[in-house]
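To start, the structure itself, in structure tokens.
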Amino acid sequence: MTVSIQSSPFDMGAEVRRFANSVSGAGAIVTFSGLVRDDGGKLTAMEIEHYPAMTERAVEAIRVEAMERWALLGAVIVHRYGRLEPGEQIMMVATAARHRADAFAAAEFLMDYLKSRAPFWKKEIGPDGEQWVAARDDDEEALARW
Amino acid sequence: MTVSIQSSPFDMGAEVRRFANSVSGAGAIVTFSGLVRDDGGKLTAMEIEHYPAMTERAVEAIRVEAMERWALLGAVIVHRYGRLEPGEQIMMVATAARHRADAFAAAEFLMDYLKSRAPFWKKEIGPDGEQWVAARDDDEEALARW
Amino acid sequence: MIDVLYFAWLRERIGERSEQIETDAATVTELVEELRTRSEAHALAFSDMTAVRVAIDQDLAALDASLAGAREVAFFPPMTGG
Amino acid sequence: MIDVLYFAWLRERIGERSEQIETDAATVTELVEELRTRSEAHALAFSDMTAVRVAIDQDLAALDASLAGAREVAFFPPMTGG
């Protein structure tokens with residue numbers, strides 16, 4: 001599976017190993033994983049909502065664009081939804097290429113696009129209530145570099 | 001261990017899991033792993049020589065510089081030496097930070113510096129003989145961006 | 001007949017995940033005008049359109065996009081995944 | 001007395017991993033001049049110094065660095081790790 005949208009946890013180590021075994025000829029593999037930060041007890045949980053009919057298609061479109069823009073041998077994306085505790089993994093991307101510049105650039109591109117173009121919304125739940133995470137101006141600006 | 005210079009193989013998945021468990025408060029983890037490319041049968045093996053008395057110190061100095069230059073919660077480096085077959089992992093770095101920009105930049109910095117400032121030399125062994133890998137001008141130029 | 005979907009705080013403010021709307025609106029802009037009249041909650045949710053994004057049939061679209069042939073229109077805040 | 005170490009193709013051309021050198025050389029440059037006279041292999045290995053890097057006591061150094069207090073000097077080609 002090159003794109004997986006799931007509520008269940010994933011094993012980063014196992015995913016990385018499976019991905020590395022699935023590509024051949026790679027000289028460089030880059031992975032990114034995003035975790036729920038433990039903001040000094042201010043966060044009890046993170047709730048991630050998504051748009052089921054759209055999510056997988058939107059994420060796959062971003063993946064395909066990365067495959068077209070860089071000389072990649074493979075790219076995979078796992079993204080969770082639902083309730084996550086601090087320290088849990090939210091998502092990961094992995095890219096493989098012959099050379100490291102392609103693998104790094106594609107992984108950063110995937111992250112920038114997933115942040116602002118994939119239909120996920122995060123809500124932070126804390127001891128004093130809950131609130132939707134606001135989009136950051138610099139996340140939108142990050143897209144301009146590609 | 002934050003720096004490991006070893007001849008034995010390592011399990012990328014296990015290293016990533018151990019690293020993720022060793023840092024707290026991280027929102028982003030980036031890993032890079034370098035593999036021996038299988039250049040269509042032109043490569044039988046890669047032989048990596050190093051300078052034992054210097055290697056660990058030089059690699060640790062690069063790691064410390066990354067820790068100082070970016071807001072990192074942790075960084076680890078594993079680098080092998082000796083004879084490696086195509087497809088085998090040569091090395092890996094992992095970085096953890098609260099935000100992804102720091103984790104990505106530090107991982108790329110570590111790679112650029114390890115390529116040109118850590119005392120490793122690669123020799124390619126093929127069916128028609130063997131030759132030392134030449135340093136690439138763009139590896140040296142890559143240092144200029146930091 | 002168009003299925004209108006809401007996500008995140010738009011869903012919470014309007015109090016519905018989705019509703020079926022009988023409409024002649026030719027554009028998203030016209031549809032939003034109609035939705036605003038449905039309730040105070042709708043009017044509030046759509047009071048600042050700079051904070052609203054839209055997808056037509058699961059593709060991101062502009063706020064003034066045409067609704068010709070559209071079956072599902074989703075409204076949501078800027079995305080915050082990753 | 002200085003330990004001189006060679007790596008990669010410098011090691012192969014010179015045919016030694018290391019040698020102990022009795023020298024009064026004050027700088028790496030002077031040491032290289034002396035080493036060149038030891039054999040044709042040495043002269044060849046040090047014929048193009050743009051292809052040679054040096055470390056003094058396990059720290060990278062400039063080719064004209066001082067050898068004051070140095071115990072180990074290593075010569076090698078540009079590094080190619082990672």
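Naming: A, B, ... by sequence-line order, numbering from 1 per chain. All values below were derived from every heavy atom in this structure, side-chain atoms included, with hydrogens, water molecules and symmetry-related copies excluded. Bear in mind that the values here come from a model prediction, so they are computed numbers and not experimental data.
Looking at B:A134, only its backbone comes within 4.5 Å of chain D, counting heavy atoms on both sides. When heavy atoms are compared at a cutoff of 4.5 Å, B:K123 approaches chain D solely by way of its side chain, counted from C-beta outward. Heavy atoms of D:R11 lying under 4.5 Å from chain B belong exclusively to its side chain. At a 4.5 Å heavy-atom cutoff, the contact between B:A118 and chain D is made by backbone atoms alone. For B:I90, the part sitting under 4.5 Å from any heavy atom of chain D is the side chain, from C-beta outward, and nothing else.
Taken from CD1 in B:I48 to OG1 in D:T80, the straight-line distance is 8.5 Å, to the nearest 0.5 Å. Interatomic distance, B:T55 OG1 to D:M79 CE, rounded to the nearest 0.5 Å: 10.5 Å. Here the CD atom belonging to B:E49 is positioned 11.0 Å from the CZ atom belonging to D:F76, to the nearest 0.5 angstrom.
Using modelled atom types, one finds a donor on one side chain and an acceptor on the other under 3.5 Å when comparing B:W132 with D:E12.
When B:A58, B:S116, B:S33 are compared by the number of non-hydrogen pairs under 4.5 Å with chain D, B:S116 comes out ahead. If you tally non-hydrogen atom pairs under 4.5 Å between each of B:Q131, B:M92, B:K122, B:M91 and chain D, the highest count goes to B:K122. The candidate with the highest count of non-hydrogen atom pairs below 4.5 Å against chain B, out of D:A55, D:P78, D:P77, is D:P77. Contact count versus chain D (heavy atoms, under 4.5 Å) is highest, among B:R80, B:K115, B:R136, for B:K115.
Heavy-atom contacts from other residues, nucleotides or ligands closer than 6.0 Å to CG of D:D24 number 12 or fewer. The environment of CG in D:D48 is crowded: more than 12 heavy-atom neighbours from other residues, nucleotides or ligands sit within 6.0 Å. In D:R17, the CZ atom is not crowded: 12 or fewer heavy atoms of neighbouring residues, nucleotides or ligands sit closer than 6.0 Å. Annotation for B:R69: atom CZ counts as buried by contact number, over 12 foreign heavy atoms lying within 6.0 Å.
Ring geometry for B:Y51 against D:F7 counts as tilted: the plane angle lies between 30° and 60°, on a 0 to 90° scale.
Counting only heavy atoms from C-beta outward, the side chains of B:R117 and D:L60 approach each other to under 4.5 Å. D:D59 is listed as a side-chain neighbour of B:R57, based on a closest heavy-atom distance under 4.5 Å.
Pairing each heavy atom of D:E72 with each of B:A53, the nearest pair is OE2-CB, 4.3 Å.
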